[in-house]
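Please read all numbers here as calculations on a predicted model, not as lab measurements. Ligands are counted one by one from 1 in listed order, and the atoms in each one are counted from 1 as well.
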Amino acid sequence: MEKRVYNFSPGPATLPLKVLEEAQRDLLALPGLGVSALEISHRCPWFDKVLEETEANLRELLKIPANFKVLFLQGGSRLQFSMVPMNLLQEGKAAEYVVTGSWSKMALDEAKKFGTAKATYDAKATNYDRLPTAGDLKVDEGASYAYFTSNETIQGVQFLDEPKTGSLPLVCDASSDFLCRPLPMDRYGLIYSCAQKNSGPAGVTTVIIRDDLLGRSTDKLPTMMNYALYAKEKSLLNTPPVFSIYIMMLVTRWLKNDIGGLDKMLAHNKKKAAQLYDVIDASGGFYTGHAQKADRSLMNVTFKLPDDEKQKAFLKGAESRGLHYLPGHRSVGGIRASIYNAMPIEGVQLLADWMKEFQKGA
Ligand SMILES: Cc1ncc(COP(=O)(O)O)c(C=O)c1O
């Protein structure tokens with residue numbers, strides 16, 4: 001086998017080795033079935049069990065109450081930028097968007113195509129380096145819903161507490177921090193996440209929606225855009241991404257059995273992130289973080305070096321140490337170390353060591 005590198009990509013991102021090994025072992029023939037998970041019908045007892053276990057694992061990990069449905073969709077998170085307003089925006093009512101970075105801005109722009117959607121907060125003036133404070137949010141209590149992005153993957157700012165948006169149904173794009181911590185599910189109306197960062201490979205998007213909100217999906221919606229129909233057909237409206245859901249089952253099993261649940265995952269994630277932020281903070285300004293300290297992401301650590309030349313040398317040295325896919329997004333520049341759930345602590349330690357060594361030699 002080729003040697004694996006530490007993959008700091010923002011997504012598709014690194015998966016737990018154990019999951020890859022199991023998928024590899026069963027790739028040619030699932031035990032007792034003689035076909036692979038890439039070839040099997042979605043209408044068979046094996047896949048019924050896969051769907052059942054994946055949902056049960058998610059329900060256990062996140063303590064999802066019975067009055068929520070768990071749906072598995074395709075189209076990635078960007079399809080949700082359209083599906084959320086198509087299904088939830090009510091006649092004559094607006095939607096309130098908390099704009100903290102590129103992804104929430106894109107979601108707001110998409111929602112405007114379907115009705116009135118406005119930014120109840122927008123951190124553009126400070127290049128999306130922060131989250132709103134309690135006093136910044138003044139939502140219209142008569143709106144259809146409030147929307148936020150729990151982790152802005154590009155800028156590296158993350159909510160570790162839900163924004164205070166009163167009694168409005170709270171909708172969350174959790175694409176890049178889903179399953180990184182326990183969630184107070186009673187605060188949410190809908191939460192969605194593409195899989196390719198923390199829960200599996202690209203191809204499946206999980207949507208967790210409170211039952212009462214399904215009543216807003218009208219028959220006029222295109223069939224494949226209608227949450228209520230997915231709920232009615234238990235995500236089998238058409239052929240679902242069988243293999244992606246199978247991998248999600250293995251990832252959620254790993255979270256339960258090997259990690260020991262989301263409290264443990266959160267503690268682990270905090271430890272990993274601190275390794276990098278501590279180096280940034282102790283560097284005397286050599287490394288500068290993009291996000292304000294209080295709002296830093298546990299998933300995407302964004303920072304800059306003093307100039308482009310140093311940055312190039314830093315990235316070259318990182319690759320020679322097996323630390324890959326670290327360049328930041330073009331809109332922010334610098335470095336972005338994506339350290340999702342499955343990034344081993346050893347990889348983060350190696351990166352922290354390299355940061356210290358590089359500064360010394362610079
Ligand atoms: C926070 C967030 N939202 C949405 C998306 C878009 O996801 P997809 O490519 O599945 O449409 C991404 C992708 O990186 C993301 O990080």
Are E162 and Y188 close enough that a side-chain donor and a side-chain acceptor fall under 3.5 Å?
yes
Do we see a donor-acceptor contact under 3.5 Å between the side chains of T223 and N226?
no
Qualifying residues under ring pair (Phe, Tyr, Trp, His ring centres under 6.0 Å), relative to [X], sequence neighbours excluded:
| X | answer |
| --- | --- |
| F148 | F159 |
| F358 | F314, W354 |
| Y287 | F303 |

Could you point out which residue of S102, S176, S104 forms a side chain to side chain donor-acceptor pair (under 3.5 Å) with E152?
S104
Which atom pairs, nitrogen or oxygen on both sides, join ligand 1 and the protein at under 3.5 angstrom?
| residue | atom | partner | partner atom | Å |
| --- | --- | --- | --- | --- |
| ligand 1 | 3 (N) | D173 | OD2 | 2.7 |
| ligand 1 | 10 (O) | S77 | N | 2.9 |
| ligand 1 | 10 (O) | Q196 | NE2 | 3.0 |
| ligand 1 | 11 (O) | S77 | N | 3.1 |
| ligand 1 | 11 (O) | R78 | N | 2.8 |
| ligand 1 | 14 (O) | K197 | NZ | 2.8 |
| ligand 1 | 16 (O) | W103 | NE1 | 3.3 |
| ligand 1 | 16 (O) | T153 | OG1 | 2.4 |

